[in-house]
Amino acid sequence: MLKRLRQPGHGHLLAEHRDLALNLSFVLHERSDSRAVQSAVRACRAHASEIRNAGPDLARPATASEHDHAGVTLWLTATIGLPPLMAQALGASPEQVISVDSNMDPLRPFQFFRATASLFLPDARQQRVGVAALVLRPDRRTSHIAISGVHEWPAERDAAIRSLERLIQGHAGQWMPSRALWSAPAEALLIDEVY
C-alpha cells in the first residue's frame, strides 16, 4: 500500500491516496471524498514529487519564525515540507527530531485533530520541546523554518500537540505522512461534526 519515493540519501514512503485523504479529512475537517481533501491530496503528491531532488541548499532557510528556541533539547514535527533536511536546518542531530507521523515504535493513542490517532511521541522525561518544520516558501526555491511553539514536555504535551496541528494546517499541501494515523476518516469518527 505504500509507494517509495526516491530522494538523495533518503527513502521516503508516501501513503496511498486513500490514506492521505483519510489523514487530510481530519486536518481540513472535511469528508475524505470532498473536493477540498482531494485537492490537498494532489498538492501533497505534487510536493512529494517536487522535492525528490531537493538540494542541500534548501537546508539553509531564507527565513525563520520569530521564536526563542534557546534550550530546546528535542524538536517535534511531522513529515512535512523538507523532512530530510530539517535537522540540518535547525543545527540539531537527527536523534533530536521526532516525527509524530513516523512508523517508529511505540505508537501511542493520542487526541490529534479532535480524534484518537496513533502517534509516535517523545518519552515522558522532562525536556524543552520545540515544534517546527522546514517548509518550502511560495517561490518553491527557498525554505522557511516554521516554529509553532516551544513547550515543556510532558507538562505541556497537549499544547505542543495543538501547536503541531496548527503547523500542519498551515502547510497541509506539504504534508507527506507515510501511513494512516486514524482508523477511519473524519466523517466516520467525527460524525457529529463532519457530514
Side-chain angles (χ1 to χ4, degrees), residues 1-28 30 32-33 36-54 58-59 74-90 92-123 129 131-136 143 145-146 148 160-161 163-186 188-189:
M1 291 288 164
L2 298 174
K3 179 180 179 182
R4 177 160 304 272
L5 296 179
R6 308 247 182 253
Q7 291 184 359
H10 296 88
H12 176 74
L13 299 175
L14 182 62
E16 287 293 323
H17 183 96
R18 73 172 178 270
D19 291 340
L20 280 174
L22 179 151
N23 289 337
L24 288 162
S25 72
F26 289 93
V27 174
L28 301 177
E30 296 262 352
S32 59
D33 59 357
V37 167
Q38 296 308 311
S39 177
V41 167
R42 286 190 297 277
C44 292
R45 289 208 170 286
H47 174 75
S49 179
E50 182 179 349
I51 67 163
R52 279 185 201 163
N53 299 314
L58 285 171
L74 188 71
W75 291 97
L76 193 65
T77 192
T79 311
I80 190 167
L82 300 157
L85 302 175
M86 186 172 148
Q88 182 182 349
L90 289 166
S93 71
E95 296 79 30
Q96 290 177 291
V97 178
I98 299 259
S99 182
V100 301
D101 56 1
S102 74
N103 286 322
M104 301 290 290
D105 284 327
L107 294 178
R108 297 184 179 112
F110 201 83
Q111 289 295 304
F112 196 47
F113 291 100
R114 301 171 65 108
T116 303
S118 295
L119 302 179
F120 179 64
L121 298 172
D123 60 36
V129 172
V131 179
L134 180 66
V135 296
L136 280 180
S143 62
I145 292 182
S148 185
I161 296 298
S163 291
L164 185 57
E165 289 174 351
R166 286 189 297 277
L167 188 64
I168 292 170
Q169 283 176 322
H171 304 282
Q174 293 187 37
W175 191 29
M176 303 168 295
S178 61
R179 62 182 175 85
L181 277 66
W182 292 268
S183 60
L189 297 181

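Put simply, the side chain of Phe120 reaches to within 4.5 Å of the side chain of Leu107, judged on heavy atoms. Considering only heavy atoms from C-beta on, Leu121 stays 4.5 Å or farther from Ile98 through its side chain. Between Ser118 and Phe110 there is no side-chain heavy-atom pair separated by less than 4.5 Å. For the pair Ile161/Leu76, a side-chain contact is recorded, criterion being any heavy-atom separation below 4.5 Å from C-beta on. Here the side chains of Ile80 and Met176 are not in contact, with every heavy-atom distance at 4.5 Å or above. With a 4.5 Å cut-off on side-chain heavy atoms, Asn23 and Phe113 do not count as touching. Contact check for Pro177 versus Leu20: side-chain heavy atoms found under the 4.5 Å cut-off. Between Ser163 and Arg166 the shortest side-chain heavy-atom distance falls below 4.5 Å.
A donor-acceptor pair under 3.5 Å links the side-chain atoms of Ser143 to the main chain of Leu58, judged by distance alone. For Asp101 (side chain) and Ser178 (main-chain N/O), no donor-acceptor pair under 3.5 Å exists by modelled atom type. At distances below 3.5 Å, at least one donor-acceptor pair connects side-chain atoms of Ser25 with backbone N or O atoms of Leu22. Of the possible polar contacts, one joining the Gln174 side chain to the Leu136 backbone as a donor-acceptor pair under 3.5 Å is found. For the pair Gln96 (side chain) and Ser93 (backbone), a donor-acceptor distance under 3.5 Å is present. At distances below 3.5 Å, not a single donor-acceptor pair connects side-chain atoms of Thr77 with backbone N or O atoms of Ser99.
The local environment of CZ in Arg114 is sparse, with at most 12 non-hydrogen atoms from other residues, nucleotides or ligands closer than 6.0 Å.
Between Ala36 and Leu28, the shortest heavy-atom distance links the atoms O-CD1, 3.7 Å. Looking at every heavy atom in both residues, Ala15 comes nearest to Arg45 through O-NH2, 2.9 Å. Minimum interatomic distance between Ala78 and Leu164 (heavy atoms only, all atoms of both residues): N-CD1, 4.0 Å. The two residues Phe26 and Ala115 come nearest to each other via the heavy atoms CE2-CB, 3.5 Å. Between Ser32 and Ala21, the closest heavy-atom pair is O-CB, 3.6 Å. Taking all atoms of both residues into account, the shortest heavy-atom contact from Leu24 to Cys44 is CD1-SG, 4.0 Å.
Of the inter-residue distances, the one linking Ile145 atom CD1 with Trp75 atom CH2 reads 7.5 Å to the nearest 0.5 angstrom. Between the OG1 atom in Thr79 and the CZ atom in Arg179 there is a gap of 9.0 Å [rounded to 0.5 Å]. To the nearest 0.5 angstrom, Leu119 atom CG is 7.5 Å from Trp182 atom CH2.
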Given the rule in the side-chain contact (heavy atoms from CB on, under 4.5 Å) test, do Gln169 and Val27 qualify, once you have shown the distances and angles that lead to the verdict?
CA-CA 6 Å; Gln169 283 176 322; Val27 174; 3.9 Å; yes
